[in-house]
Every structure is written in C-alpha cells, then in structure tokens.
There are 2 protein chains.
Amino acid sequence: MGKDRKIDMVILGLLSHEDLTGYDIKKQIDEAIGFFWKGSFGSIYPALSDMEKNGFIKKLPDKNSSGREKIKYRITKQGKEVLADWLKDEQASNDLKYETLLKLYFGGAEKKEVSIHNIELFEKQIKSDLQILKFYQSNLEKVLDNKEHVHYYLTVTFGIDTYEAYLKWCSKAKKLLNEKC
Amino acid sequence: MGKDRKIDMVILGLLSHEDLTGYDIKKQIDEAIGFFWKGSFGSIYPALSDMEKNGFIKKLPDKNSSGREKIKYRITKQGKEVLADWLKDEQASNDLKYETLLKLYFGGAEKKEVSIHNIELFEKQIKSDLQILKFYQSNLEKVLDNKEHVHYYLTVTFGIDTYEAYLKWCSKAKKLLNEKC
DNA sequence: TTAGTATATATCAAAACGATATATCAAATT
DNA sequence: AATTTGATATATCGTTTTGATATATACTAA
C-alpha cells in the first residue's frame, strides 16, 4: 500500500514527537539529521499534501489569527502505524554520493596540487561540522536516562566517529600524494 | 554553459582512461566507485545520448559485425576540458542518505531489539563490503608507482578507514542500547 | 536442451533536488 | 521614523536521478 517514499518516513518520524510546519521539518532535517540525511522543500511540501490526503497526518487549525499562513501538522494513528512498519522492515539503503572522492578518483591526470586542494576543502568542512556534532554530544550526554535521547546520541556518535576517521584519512592522503606524485 | 550533471562527470571520468559502453560504465560505477557513488541505467543512457550531441564524447563504430547492438564511447578533446574544469572547481557536494541511521534516530519508540537488529544488519553488510575493499587495496598496493593507481588507492583506503570506524561504532551502539534501554 | 546468468540498450513513472517566487515578520541599521 | 536585512513560511517548476521494467542476444552449466 505505502509508496515507500523516504521523505514520508522522515516527516512521520519528526512528527511522531512534535507537531511541525513544513518549514520546521526542513529546519530539523538540516540541523538534527543533516549529517546523514538531506531533504528539500520541493519534496517536503508535496509529501505533506499527499500524506494529509492519505490520512497519515492532519492539519491543525491555525491559531495565529493573523493573515499569515502557517500550517502545523500532527501525525495520526494510521501515520504511526506506517512509521512503525517501516522501522521494523529490514530493508535499508545506505547511499552516499561523495563528490570529493569522485574528484580524487578521477584526479590522476591533473597535478597533485588539485587533489590536495580538494582534500583540504573537504577537511575544512568536516572540522567545522565536527565541532557542531561535539556540541550536540555534550548536551545529549546529560540526558541519557531518556530512551529517545539515547537514540539521538547514537546517531551523533556515529557522525563523530566517522568524521574523526575522515580527518585521519585526510592527513594520510595528503602525505601519500606528496610522497608518490 | 555546462549543465553540471553529476552523472556526466562520472561518465567522462571513466571514459578518460578507457573506451566503454553504457553497460561497462554501469559495471564500473558499481564495482570501482560503488562504495561512495551510485548511478543507474536510467541516468547513464540519456547522459550518453546528450553528451554525444554536445560533442563531449563520440560513438565508436561497432566492429562486432553481429546483429547485436553494442555502442562504445570515446571521450573527445572537448569532453576532457569539461572534466578538467570540474576537477578544478572547488564546489563539491558530499551527500549521504543513511536509512539505517534514520531508523535508529526514530527508533526510540520501539523496543530496543528493533534498533539492535537494524544495527546488526548494517554491520553484516559493512563487514562483507570491507572484505572486497581490502582485496582491492592489496592489489593496488603493488602498483603505487603509477600516479592514477595512487588516486584509486586513496579512495579505497577512505572506504576501509570509514568502514572500520563504522564497525567499532556498531559494537559501541549495541552495548549502549543494551545498557540504557 | 534448457534454464539461468551476464551482456546490452532503452524507456517510463515516480521521487528528489535545487532554484525561484511570493509574502510576512522581527531585528538591526541608517 | 524609515529602511534594509535575515528569518519564517508556503508553494511550484524544470531538471536530475532512481528504480523498475521491457526487450533481446550471448554464454555457461546442469
């Protein structure tokens, strides 16, 4: 029955613990799960509209009586079932698209400085993102008695562990390029 | 000028050291760069057709006189310029979509066994992929005098380093779920 | 021989991206 | 007081990409 659109699961997941507008959803995707997931307005708004028709979520009457339009959504019982089914489904696709690695893979014909520079740009970005992740981690460490927080904490440590591995690799990679090329 | 389609760069990169058919390109994407990039036939064939019209690649006359259709492509001088421009362009987007982490992030409402099982499925896949990467690494280690092989080697070590970090995280994550949930 | 797998091209609906348009609101600047 | 900037908020559109399917030949192993 379910069309298995990934953005639907992201939205249902976020709505499962808080009522949110489309804009809120975009912010949470960028901030809370941005280091392992991406989502754009162009997929969020159509998904909200479709899921509302399917009864997985419902619109909440706007209390901001002002002319300003603002639509908060709440997950329904049916929506919670869809989310639970997806969580229990063994299927999971983990897709990465690393343009930095693509450029490195194809960079053998260029001067080594080009590849080294591309690695340094990557390194800079990762260092900056790592700071944010460590900040999240320090906040979550204090509230590990809460089950949901344990789950958030685990995704953050995934980010930190992999980003630290990236940084070590960046040093090794630059060194090897300088030695061998 | 250039529409900056990522699949175009992948194809040009692969064609820059070998003439290939669309099918060959798909195989190389899956095998050589599959651990950090994905690409489907549905994007490859249209891209080949467009780039041939734009003069970035050209069709090679089929020598397999049989009725069987088979089109090999070769990169042109113009295509090499497009590839070089992209390599020197600082812009690079590194996008990941980890459904496993998504399920973990939203898994706080389910029983811990669901999350642990999802981690174990991920762990199994990573262990299997890691074997393949280590095989690639051992082959590339012997030919590091070649500049292009150094570049291939670096992407493979990236995969190995990050996959090993993933595995360490899997153990930690399962342990924490058992302790705290 | 025949079933299954690999090779090979191509297309299509659906999903997602990325950019843009529109508009309100709050805060900072002039 | 007026203006500009940046954040909030919804929505749409062309393009890209996915994932599935269709079609057909070649090779290989039971």
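The shown structure was predicted, so the numbers you read here are calculated from the model rather than taken from an experiment. Every chain is numbered from 1, with letters handed out A, B, ... down the list of sequences.
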Inset, instruction - Return yes if a side-chain donor-acceptor contact under 3.5 Å exists between Asp24(A) and Gln28(A), otherwise no. - result: no
Legend entry - DNA chain C-proximal residues of residues 87-101 of chain A, any heavy atom under 4.0 Å: none
Inset, instruction - Would you please name every residue forming a side chain to side chain contact (heavy atoms under 4.5 Å, CB included) with Ala173(B), sequence neighbours left out? - result: Leu154(A), Ile119(B), Trp169(B)
Legend entry - Separation of dG18(C) C1' from Lys6(B) NZ (nearest whole Å): 10 Å
Inset, instruction - Please list, chain by chain and in numerical order, all residues satisfying side chain to side chain contact (heavy atoms under 4.5 Å, CB included) with Leu121(B), sequence neighbours excluded. - result: Glu90(A), His117(B), Asn118(B)
Legend entry - Watson-Crick or G-U pairs under 3.5 Å in DNA chain D, rendered as dot-bracket with [ ] for crossing pairs and | for another strand: ||||||||||||||||||||||||||||||
Inset, instruction - For Ile71(B) and for Lys38(A), find the nucleotide of DNA chain C with the closest heavy atom, then tell me which residue's nucleotide is more 5'. - result: Ile71(B)
Inset, instruction - Return the set of residues passing salt bridge (charged side-chain N to carboxylate O under 4.0 Å, His left out) with Lys58(B) (not counting sequence neighbours), or none when no residue passes. - result: none
Inset, instruction - Check salt bridge (charged side-chain N to carboxylate O under 4.0 Å, His left out) between Glu141(A) and all other residues, then give those that pass, not counting sequence neighbours. - result: none
Legend entry - For Asp19(B), salt bridge (charged side-chain N to carboxylate O under 4.0 Å, His left out) partners two or more places apart: Arg74(B)
Legend entry - Residues forming a salt bridge (charged side-chain N to carboxylate O under 4.0 Å, His left out) with Glu120(B), sequence neighbours excluded: Lys174(B)
Legend entry - Pairing residues for Ile29(A) by the side chain to side chain contact (heavy atoms under 4.5 Å, CB included) criterion, not counting sequence neighbours: Ile7(A), Val10(A), Leu14(A), Ile25(A), Ile33(A), Ile44(A)
Legend entry - Contacting residues from residues 39-48 of chain A, given that a heavy atom lies under 4.0 angstrom of DNA chain D: Phe41(A), Gly42(A), Tyr45(A)
Inset, instruction - Provide, to the nearest angstrom, the distance between the CE atom belonging to Met51(A) and the P atom belonging to dA15(C). - result: 12 Å
Legend entry - Heavy-atom donor-acceptor pair, Thr21(B) side chain to Lys72(B) backbone, under 3.5 Å: no
Inset, instruction - Only pairs at least two apart or in different chains count here, so list each salt bridge (Lys or Arg N to Asp or Glu O under 4.0 Å) that has a residue in residues 143-159 of chain B. - result: none
Inset, instruction - Output the residues of residues 19-36 of chain A in contact with DNA chain D, where contact means a heavy atom of the residue under 4.0 Å from an atom of the strand; sort by number or write none. - result: Thr21(A), Gly22(A), Tyr23(A), Asp24(A), Lys27(A)
Inset, instruction - Report the distance from atom CD1 of Ile11(A) to atom C1' of dA16(C), rounded to the nearest whole Å. - result: 12 Å
Inset, instruction - Calculate the interatomic distance between Met9(A) atom CE and dA15(C) atom C1'; express it in whole Å. - result: 13 Å
Legend entry - Interatomic spacing from OG in Ser16(A) to CD1 in Ile57(A) - rounded to 0.5 Å: 12.5 Å
Inset, instruction - Looking only at non-hydrogen atoms, find the nearest pair between Glu99(A) and Trp37(B) and report the distance. - result: N-CZ3, 3.7 Å
Inset, instruction - Classify the ring geometry between Tyr98(B) and Phe122(B) as parallel (under 30°), tilted (30 to 60°) or perpendicular (over 60°). - result: perpendicular
Legend entry - Whole-Å distance separating the CD atom of Glu52(B) from the P atom of dT9(C): 13 Å
Inset, instruction - Figure out the CG/C1' separation between Asp50(A) and dA14(C), and round it to whole Å. - result: 11 Å
